[in-house]
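Residue indices begin at 1 and follow the sequence shown.
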Amino acid sequence: MPSAMDLPKTPDELVAQHSGSSELKDLLKDPSRWHSIPILNYTPMHKLKDQTLVRFRGMIQDMMDPEIYLERYEVKSPDGSQHLKDGKYRDCLKMATGEEIDYNAEGNIHGERRTMFVVSVPGLNNWSREHEKQCCPQIELINLAQSPSSAKKRTLDEQESMEVDGADETIFKRPCMKEIQPDGEKVGNTKSTVLGSEYLLNSPLPGRPSMACMVKVYEDFDTYQLNSVVDFVGFLSVDSSLDAATLEIDDCENLSELQATHPSPFLIPRLHAFGVQILPHSNPLLDKSLRQPIEQCEEAYPSQLAVHKDLRMLLKLCLFDDDLAAEYMLSHLISTVYSRSEMQSIGKFALNLCNLPKECVEFSTKLYEILELLLPASHYLPMTLDTLNTAAFAPKKDYETNKLVSGILQLAPHTHLILDETCMQQGKLEANGVYAVQHLAHLINNQELKCDFQYYQIDYQANIPVLVLSEGRSMLPSDFVMPINADAKAVELYSESLKAAHHYLKPSRLQQFRKYLTTARISSFSVSEEHTEMIQQDFVDMRKANVKSNADDLHGLLVLSRLLGIARGKETLDKETWQLATEFEAKRRQRLQSLPKSASQTRN
């Protein structure tokens, strides 16, 4: 059976055996090879040596400037002979005792590579992490490459070296960096940290720290997109000389940038990637690059229709016995942006659940406890004035360190964002709070994330389902406003209903629901020409009955009917599903009419 043993063990072996990348890519197509490579996210660093073959799974949080490096370099031996060495997939160049790099040699070849700052998927829920961890192979299965004791830091401007007594290698002189005080005075030769680890790790979600890795890629630079989720295979680089804190810098134009781009490799390791998989989702249960437990693979699952029925019953139980609200919630949970035009992100289903019973003060957090058991990645955000006025929502470029400093909204695709307006109190929104609301509204309306580059802003595509929980209608926009029609008895027994819901979610049923939600989201769905004509005629009839009906209403019906069909295991739209969508929308609009005028005067 193929395994990681078939893959190169060192950068030199990789260059020697696979001068072209096509053969290597074919080798990596077999998932079993990926299964056998340890995942850096879950493997203790003390078990790994420099140049170990590892993987790192995460979201591309930032893309750094291109780097020119020595792909091949000529060295001079003490006896006067010269020969070439390979520098690809390395941060540090191997040098024997007495050897020197000839930086002016004609045989030198310079290459270009890019560094991606990658963080473990923000908001990944506990069950997802635990499953990934269980699928992580033991490090003892992998042959470790040589330690970093015989390495030399590769830079194009450093040429000074010194011999190490009793050793057979040379290293660059790397005295420690001096601390810079706020007034600019240098104090002592200490290894003080100028930038804190929290800033360097750059986790998007406060209180939910991510692991970070600087991944260096060597080809197909244009295929990488900010915020996408990627699984990288490559060689680990943790040589201590990579740490800027070991440098003595007497005259540095930007000390902060130097440390930000050269943090300690034991805080933020490096990975030189030669294998890449763009992951379509974050659900480890359906990830082909992870070895699934045998008992799980062999277990028989009920039909999609049966799982749909059970899941809808669970959501109904959590939503005060409101069947219509359960239908819209389920549609929201499987929604995704499946197409984009210049004007629209098609498929988004931002949902505002409002008219929540005031006596159920913990409804939002209790509902989220259920949702995080079902979803691979999610985040609950209380919309307090303090959060809005102080938290960073959008990424912002820090030109002092040349880093894109993350914000709460920089999330991986299909990370569900639950916004709780029920905890909002009266007060004043400050400038940051106003910007926060604007960023949230832009995300909901356009599924785009604005990144602040100080002198200009850039929109990056997003695919983040947003659920807003509020007593009255939310101050934020949404695609569908669903007023809860709470059953009085269900409100009275809500605590007992939640206990019953948790009891209902046994491990086997949880697995069914988790797989169902992801499978439904990535399912294909089409509309035949025959049913297109039916929809057009129905819309003409709708306009005759209600002149206020517009193209947005038709778009909403199309999105809803698609999700209702997918939820029931259908691949094409049929008349029954279309009629169900029009019926649901009629009922929802009737509920909107019963809300106070100020809360129901707009379309949704």
What's the shortest heavy-atom distance between E99 and S77, and which atoms? OE2-OG, 3.8 Å

Tell me whether R113 forms a cation-pi arrangement with Y218, defined as NZ or CZ under 6.0 Å from the six-membered ring centre and within 45 degrees of its axis. no

Rounded to the nearest 0.5 angstrom, the CD1-OG distance for I408 and S203 is 12.5 Å

Atom OG1 in T518, atom CG in D287: separation rounded to 0.5 Å? 10.5 Å

Does D79 have more than 12 heavy atoms from other residues, nucleotides or ligands lying within 6.0 Å of its CG? yes

Under a 4.0 Å threshold between the charged nitrogen and the carboxylate oxygen, would R72 count as salt-bridged to E74? no

Criterion side chain to side chain contact (heavy atoms under 4.5 Å, CB included) on K88 and Y69, from CA distance to verdict: CA-CA 8 Å; K88 197 172 184 179; Y69 73 101; 3.5 Å; yes

Run L419 and V466 through side chain to side chain contact (heavy atoms under 4.5 Å, CB included) and show every step you take. CA-CA 7 Å; L419 306 176; V466 180; 3.8 Å; yes

Taking the side chain from W34 and the backbone from Q277, do they hold a donor-acceptor pair closer than 3.5 Å? no

Answer yes or no on whether K396 is positioned over the face of F453, meaning its NZ or CZ is under 6.0 Å from the six-membered ring centre and within 45° of the axis. no

Can you check whether L409 reaches H439 side chain to side chain, under 4.5 Å on heavy atoms? yes

Any side-chain heavy atom of Q410 within less than 4.5 Å of one from Q61? yes

As an exercise, state the distance from CD1 of I39 to NZ of K133, rounded to the nearest 0.5 Å. 11.5 Å

Consider side-chain contact (heavy atoms from CB on, under 4.5 Å). Of K85, E100, K94, which one does V75 pass it with? K85

Less than 6.0 Å separating the ring centroids of F274 and F235? yes

So CG of D398 and CD of E257: to nearest 0.5 Å the spacing works out to 9.5 Å

With no hydrogens and no angle check, just 3.5 Å: does a side-chain donor-acceptor pair link R340 and S345? yes

Step by step, work out the side chain to side chain contact (heavy atoms under 4.5 Å, CB included) result for H416 and L371. CA-CA 9 Å; H416 287 251; L371 295 179; over 6 Å; no

Count the heavy atoms of every other residue, nucleotide or ligand shown that sit under 6.0 Å from CD of Q225, and state whether that count exceeds 12. no

Does some side-chain heavy atom of P66 sit less than 4.5 Å from a side-chain heavy atom of F221? no

What heavy-atom pair brings L258 and T261 nearest, and what distance separates the two atoms? O-OG1, 3.2 Å

Taking N125 for its side chain and W127 for its backbone only, find out whether a donor-acceptor pair lies under 3.5 Å. no

I need the minimum non-hydrogen distance between L290 and R55, along with the two atoms involved. CD2-NH2, 3.9 Å

If you define the side chain from C-beta out and look only at heavy atoms, does anything of S210 sit under 4.5 Å from L201? no

Between CG on residue L375 and NE2 on residue H414, distance to nearest 0.5 Å: 11.5 Å

Do side-chain atoms of S264 reach the backbone of F266 as a donor and acceptor pair under 3.5 angstrom? yes

Taking the six-membered ring for Trp and the single ring otherwise, decide whether the centroids of Y368 and Y380 are under 6.0 Å apart. yes

For a side-chain hydrogen bond (donor to acceptor under 3.5 Å, both in side chains) check, start with the C-alpha distance between K348 and N463, then their side-chain angles and the critical distance, and finish with the verdict. CA-CA 8 Å; K348 66 188 183 75; N463 197 349; over 6 Å; no

What's the shortest heavy-atom distance between L195 and L200, and which atoms? O-CD1, 3.8 Å

Would R270 and D91 pass as an ion pair if we require N to O under 4.0 Å? no

Less than 4.5 Å apart, side chain to side chain, heavy atoms only: is that true for F117 and M63? no

Is a side-chain donor or acceptor of R514 paired with a backbone partner of L373 at a separation under 3.5 angstrom? yes

Should V119 and M211 count as side-chain neighbours, where that means a heavy-atom distance under 4.5 Å? no

For the residue pair G347 and S335, what are the closest heavy atoms and their distance? O-CB, 3.9 Å

Do R114 and D65 meet the salt-bridge criterion of a basic N to acidic O distance under 4.0 Å? no

Any donor-acceptor pair under 3.5 Å linking the side chain of T519 with the backbone of K515? yes

Are S237 and Y89 close enough, and set up right, to give a side-chain hydrogen bond (donor to acceptor under 3.5 Å, both in side chains), and what steps lead you there? CA-CA 9 Å; S237 180; Y89 305 113; over 6 Å; no

Side chains of K403 and M64: closer than 4.5 Å at any heavy-atom pair? no

Test applied, side chain to side chain donor-acceptor pair (under 3.5 Å); reference residue, Y42; option that passes from E132, Q134, E130: E132

Are F513 and L505 close enough that some pair of their side-chain heavy atoms sits under 4.5 Å apart? yes

Looking at every non-hydrogen atom in both residues, tell me the closest pair between N227 and L449 and how far apart they are. ND2-CD2, 4.0 Å

Distance in Å, F232 CZ paired with H272 NE2, rounded so as to fall on 0.5 Å steps: 13.0 Å

For side chain to side chain contact (heavy atoms under 4.5 Å, CB included), just list the numbers for E372 and H379, CA-CA rounded to whole Å, side-chain angles, deciding distance to a tenth of an Å, and then say yes or no. CA-CA 8 Å; E372 67 178 342; H379 186 64; over 6 Å; no

Taking CD in E198 as the centre, count heavy atoms belonging to other residues, nucleotides or ligands within less than 6.0 Å. Is the count above 12? no

